[in-house]
Every structure is written in C-alpha cells, then in structure tokens.
**Q** 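Below are the structure tokens for one structure; questions will follow.
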Amino acid sequence: MNPEEKFQAIVDAEDKIEPTDWMPEAYRKTLIRQIAQHAHSEIIGMQPEGNWITRAPTLHRKAILMAKVQDEAGHGLYLYSAAETLGVTRDEMQELLHQGKHKYSSIFNYPTLTWADMGTIGWLVDGAAITNQVMLTRCSYGPYARGMVRICKEESFHQRQGYESLIKLCTGSPEQKAMAQDALDRWWWPSLMMFGPHDSDSPHTEQSMAWKIKRVSNDDLRQQFVDMTVPQADYLGLVIPDPDLKWNEERGHYDFGEVDWDEFWRVVKGDGPMNRERVENKTRAWVEGAWVREAATAYAAKRETQAKVDAA
Amino acid sequence: MTYDVPVARGESADLEETADLTTEAWPMWEVFVRARRGISHVHIGSLHAADAETALQNARDVYTRRGEGVSVWVIPSDHIHAFEPDDAADYVEANEKVYRHATAYDIPEEVGHM
C-alpha cells in the first residue's frame, strides 16, 4: 500500500488519524482552514454576548453569561491547540484572522439588540452548533474529534440556559414575550444560514465526506435542526417567521422556505451588519494585549537567568 | 451548522495562506489531569504560556472549569520524547508471542476459575 492508500484505509476503518501520521497535504490544509474557522468562531462569538454581560437583568443571569463566554474562550483554545498539531502556529492564525484572510461563522456578524437575543442565541445558535459538533465528534482527525467531545458537553449548558431564559420571557409580561418573538424573527434565518450553502453549491463536501471530516451534508443537518426546533418554538408559543413551514407527512420532516442566499454570501464576503466591528475589536484586543504577552515572556526569561545564576 | 469555509461558485478555496509574523510565541505545554484520587494523570490537551506558573494557572482555567480534576501537571511539549507505532517492528513481533497472554493456555473447566 502506498501512503495515501494506507491513510484512506485507516479512515475507512473508522480509525483516527493522529498528528504524526502521514496525511495528504489537502487533508491537512482543509483541516487547518476548518479548525481555524471553528476556533475563530468561538473567539469572535464572545463579542455578541459580551455586549450584554454588564446589562444582564439579574446577578444570576450575569453569572451564567460570564460562564458561557468563558467557555467560548476555552473552546477557542482547545480548537487552536488542535489546529496547531497540523503545523500552523497560534500567532499565524490570529494574524490571518486580523488580516481578514481567515473567516469565522457569519452568524456572529449580526448585532445583539435586546436581552432576548441572549436566550435566542443559546437556543438557536448553540443548538445549530451542537447539531454540527455532535457530527464532528466522529471526525477522522483525532485531536479535532477529541476537542469536540469536550466542547459538546459544555454546549449543552449553553443551549439549555438559553432556552430556559426564553421560557421565563415567554411566561412573563406581554412585552417580554414580544421581545422573545422579535429575537426569533431576527435570528431564525441567520441560524439556518449557519449550515452553509445547499449541498449542490458545496463543491468540497464530497471530498470532506470521503475523508470523514464531515459525516452529514449541510442540507441534511439543516433539516435535522428544523425538525428539532419547531416543536421547541411551539412549546414557547412563538411563531417561526416562515410562511412555508409545514409538516410533510410523506417525508416525515418539516418543509421550510428558502434561505436568502444573497444575504448569506454578502455577509460571508464581509458586508454583514457587524463584520468590521467584530474584527476591529478582536484586532484591538490583540494589539493592546501585546505588552502583557511581552512582559510575561520577559519575566520568564529573567527568572530563568536568575535560576542559572543561583545554581552556579 | 457547518465550519467548512463557504466558497462561492467560480472562486478558489485558496488554501495557500501565510501570515507575516513579528512576535515570538510563548512555548507550548502539555496538560495532564488526574480526575480523582486513585487514578493516573491523563493527557487532556495543550496550551501556551510563558512559564510553568502561568501554564498551571491557564491549565486550571482552560481544562478544569467544572471540577474535572484534583491535580494538574504541565510539561513543556519539547520535553516529551515519542515512539511512533510506524517505527515499531517490535509491535508486530510482540503480537506473534501469543504465549505471553493468559488466554493462550487451556485449563480444564473442573479446575475452576484461574
């Protein structure tokens, strides 16, 4: 067997590829791009929720939100570590994100206008993330799959706290329920866009499936998410903003309307409501934090020199 | 959702990306966590830190936010020396030595559990 056949045999046997194994260059690069995009999504995803930490309605909700945002920082770090095993450095990935050469999930380019957005993001955005990440726990690349197992455990808290917060709003005053409905109206379609273009417009899906990086197609995951979410909206007494949404007895799935793909591509290409601000904030934090990184390095070097002097 | 980077029709995926770097990164550390007394430390992941003290602090924040461990080790990644299964003709040989396994011996049932 040549190296490529041996690699594919490991993948086909549902065994994992580990960092020191031979792998096709395109597999390595595809994974770096995907894991980096995933890591950046976690890090940029701290901003829309960070926006509400100081204005959370109670101390309890504030503590929850801080824990969730801290988890997202942690998820970013697990993922950057996984990407690093493929031979790219953390700093390189930061740089590419700041230069706009690396992307992150477009959902984070929408603004968080009201408190109800916090619950809705937990319910829909984290719900969509779980749908995808559960699939990724079975990904062929060991470090990525292992990272996903840890992340999925924590995402469950994210989704449940969000939904519970919406139950509170939906059983509260008419104004609170209206706020929850407004949030659903704004987040529904961008959440469906999170699953990416139609399978017919995803030229790389076939290769990713053969490599078992991806196990379920975009359209199938989107359908799974809709089927799961509709009864949850019913329970809240909220209306999903899609006139075409209806149960299809024959298929055993919900039919739903078409995503606005022009909007999708516009936001992917940088023209969403918040693209510029998100990257500017991220870059500023990196630049303004440089002195901390440098000081820690200088302190470590000084301590090491001191230890050598003391030993001599 | 998907974390594949969407590529519009007619555009290339542009896999050849590089960034210019000016700063020197912190060294990498491997993190091992003992989940509870009585079991070994198990490798859980890695992180960057300037020194052992901050590596331990970061490890606690990153890997034990929900009581996952009662003890944490951090070890500079470049201090780990590895033996890869691909180099290991020894493994094949070891697998041939069935007589090293307890299951290689037939003991009559009437002797009882052994």
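Protein chains get the first letters and strands the later ones, always in sequence-line order, with residue 1 at the start of each. Bear in mind that the values here come from a model prediction, so they are computed numbers and not experimental data.
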**Q** Please state whether the side chain, the backbone, both or neither of F264(A) comes within less than 4.5 Å of a heavy atom of chain B.
**A**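 The side chain, not the backbone.
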**Q** Look at R150(A), E18(A), K214(A) and state which one has the largest set of heavy-atom pairs under 4.5 Å with chain B.
**A**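 So the answer, after comparing R150(A), E18(A), K214(A), is R150(A).
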**Q** Counting heavy-atom pairs under 4.5 Å to chain B, which of D71(A), I35(A), I32(A) comes out on top?
**A**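 Ranked by contacts with chain B, first place is D71(A).
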**Q** Shortest non-hydrogen contact from A296(A) to W26(B)?
**A**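 Distance-wise, the nearest heavy atoms are CB-CZ2, 3.7 Å.
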**Q** Do E68(B) and K153(A) have side-chain heavy atoms sitting under 4.5 Å apart?
**A**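 Not touching, per the 4.5 Å side-chain cut-off.
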**Q** Identify which part of Y299(A) has an atom lying under 4.5 Å from any heavy atom of chain B, answering side chain, backbone, both or neither.
**A**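 Side chain only.
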**Q** Give the member of M193(A), E304(A), E154(A) that has the highest number of heavy-atom pairs under 4.5 Å with chain B.
**A**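 When all of M193(A), E304(A), E154(A) are compared, E154(A) has the most.
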**Q** Answer yes when D199(A) and R222(A) have at least one side-chain N-carboxylate O distance shorter than 4.0 Å, and no when they do not.
**A**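 No.
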**Q** Using heavy-atom distances under 4.5 Å, tell me whether R146(A) contacts chain B through its side chain, its backbone, both, or neither.
**A**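 Neither part, no heavy atoms under 4.5 Å.
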**Q** Among H41(B), R37(B), R36(B), exactly one meets side-chain hydrogen bond (donor to acceptor under 3.5 Å, both in side chains) together with S71(B). Which residue is that?
**A**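 Passing option: H41(B).
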**Q** Return the CD to CG distance between E95(A) and D91(A), rounded to the nearest 0.5 Å.
**A**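 Reported to 0.5 Å precision, the distance equals 8.0 Å.
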**Q** Can you establish whether the number of heavy atoms outside Q57(B) located under 6.0 Å from its atom CD is more than 12?
**A**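 Check passes, neighbour count above 12.
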**Q** Where on Q70(A) is there a heavy atom nearer than 4.5 Å to chain B: the side chain, the backbone, both, or neither?
**A**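 It is both, since atoms from each part get that close.
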**Q** At a heavy-atom separation under 4.5 Å, does S46(B) approach chain A through its side chain, its backbone, both, or neither?
**A**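 Both parts, backbone and side chain.
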